[in-house]
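Below, all heavy atoms of this structure are taken into account, side chains as well, without hydrogens, waters or symmetry copies. Atoms within a ligand are numbered from 1 in the order they appear, just like the ligands themselves.
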Amino acid sequence: MLNIGERNPVQKILMGPGPSTVSPRVLRALAEPTLGHLDPDFLKIMNEVMEMLRYVFNTKNQLTMPMSGTGSSGMETTFVNILEPGDKVIVAVKGVFGMRMVDMAQRCGAEVIQITAPWGKPVQPDDLRKALATNKGIKVFAVVHAETSTGVLQPLKELSDICSEHDVLFLVDTVTSLGGVPVDIDDNEISLAFSGTQKCLSCPPGLAPITFGEKAYHVLQNRKTKVQSWYLDLTMIARYWGKERVYHHTAPVNMIYALHESLRIIAEEGRENRFARHRKNSEALSAGLEAMGLKLVVDKEYRLPSLTTVYSPESVDEAEVRKQLMQQYHIEIGGGLGDFRGKAWRVGLMGYASTQTNVILFLTALGNILETMGQKVDKRGALDAAVGAFG
Ligand SMILES: *Cc1c(COP(=O)(O)O)cnc(C)c1O
């Protein structure tokens, strides 16, 4: 007989690139009794989830709902539903997630044109203008709003205006921005977008909110070919989330309770208050890191409130610091990716985990660890700067 012990995972402070610490209220929602996926009580919960998602996305889009799967399933949903073989798409690449979008678009049989920016910088609107001038018949332009691999917040408005001028669909990855930074789907004229539950929504990984505006929906309705993926086909899934309630696949019922609760928490706090909290805590973290003597990767105006990238001192083993943070303080942060591998840390302050306490605890822990490794760090200065920034 197998004798496998219970899990008993220790509570950690998740300050990496995701997943982020989940609110206890959300964890309790997961344990509520599972209902049938067509139970009227559950249908009411689904409708409320859609209503609250529209609030967080700041959109009137009817087709706004969570896909079953993590953020990447949301990404795939947007591409497979909008692209047909031979379509042309421009993708902005300035980190890992832009690269992932290129891969997905190519798998759809699309012709992909890339515009790039160095890691740690946003893409420039002029590069999009140039790409549109030299490539005719572009259907979609895709960009990551909050590039979690670099800590860059991409400004959207100018890119969106260019897309409107050229009648190109504007597709945005809002995985690390939704619930932490305004995404303003309607004001930014975003045609379609996707997100994930495990970053600033503070829900476990497992759902991917998406929103499709009228233009994107029209393109979907007028496809010549079937959507390549059966599981992610919105023409069918929208009939379950809409009035008809036609079974497609069994909804992950308890995950939808969890999302419902996490969205209720956002509605209680108010989205503007929530964005202000994310901004303030990240400013305090940045001020503390700089006062400690460390260098931030991203220029101030493009810093992402939900994720901060900071160079590790050249003479320390950055992975060892992360190991010590975990062992001594139960704090998880991320290491650098791509150009920043072995050179930087990625510190998330997302949703429930974006707190003054976590900022102070992290700065204290990092200062202590660096000091024991023989680094000269201004621990006191770091805390004073952070406290000063809280105001
Ligand atoms: C995390 C992330 C994803 C992928 O989400 P998963 O939940 O890991 O599938 C996509 N885009 C961005 C910007 C992300 O940060």
Q) Is there a side-chain contact between Leu337 and Arg346 (heavy atoms, below 4.5 Å)? A)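 Counting from C-beta outward, Leu337 and Arg346 do come under 4.5 Å.
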Q | Side-chain touch Asn368/Tyr329, heavy atoms, less than 4.5 angstrom | A |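 Touching, per the 4.5 Å side-chain cut-off.
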Would one find an N or O of [X], backbone or side chain, under 3.5 Å from an N or O of ligand 1?
X: Ser72; result: yes
X: Gly71; result: yes
X: Ser73; result: no

Look at ligand 1 and say whether [X] reaches it with a heavy atom at a distance under 4.0 Å.
X: Lys199; value: yes
X: Gly196; value: no
X: Arg100; value: yes

(Q) A quick test of your reading: do over 12 heavy atoms of other residues, nucleotides or ligands sit less than 6.0 Å from NZ of Lys88? (A)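 Yes - once you tally the heavy atoms of other residues, nucleotides and ligands closer than 6.0 Å, there are more than 12.
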Q. How close does the nearest protein non-hydrogen atom get to atom 11 (N) of ligand 1, and which residue and atom is it?
A.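 Of the protein heavy atoms, Asp173 OD2, 2.6 Å lies nearest.
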**Q.** For atom 7 (O) of ligand 1, the protein heavy atom that lies nearest, with its residue and separation
**A.**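 Checking every protein heavy atom, the shortest distance to atom 7 (O) of ligand 1 gives Gln198 NE2, 2.7 Å.
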Q | Identified side-chain contact (heavy atoms from CB on, under 4.5 Å) counterpart of Phe194 within the set Thr77, Thr211, Val175 | A |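 Per the side-chain contact (heavy atoms from CB on, under 4.5 Å) rule, the option paired with Phe194 is Val175, out of Thr77, Thr211, Val175.
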Q.
Does only the side chain of Pro17 get under 4.0 Å from ligand 1, or the backbone, or both, or neither? Count heavy atoms.
A.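 For Pro17, no heavy atom sits under 4.0 Å from ligand 1.
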Between [X] and [Y] (side chain of the first, backbone of the second, donor and acceptor by atom type, cut-off under 3.5 Å), is there such a pair?
X: Ser312; Y: Lys343; answer: yes
X: Ser195; Y: Thr174; answer: yes
X: Arg7; Y: Pro9; answer: no

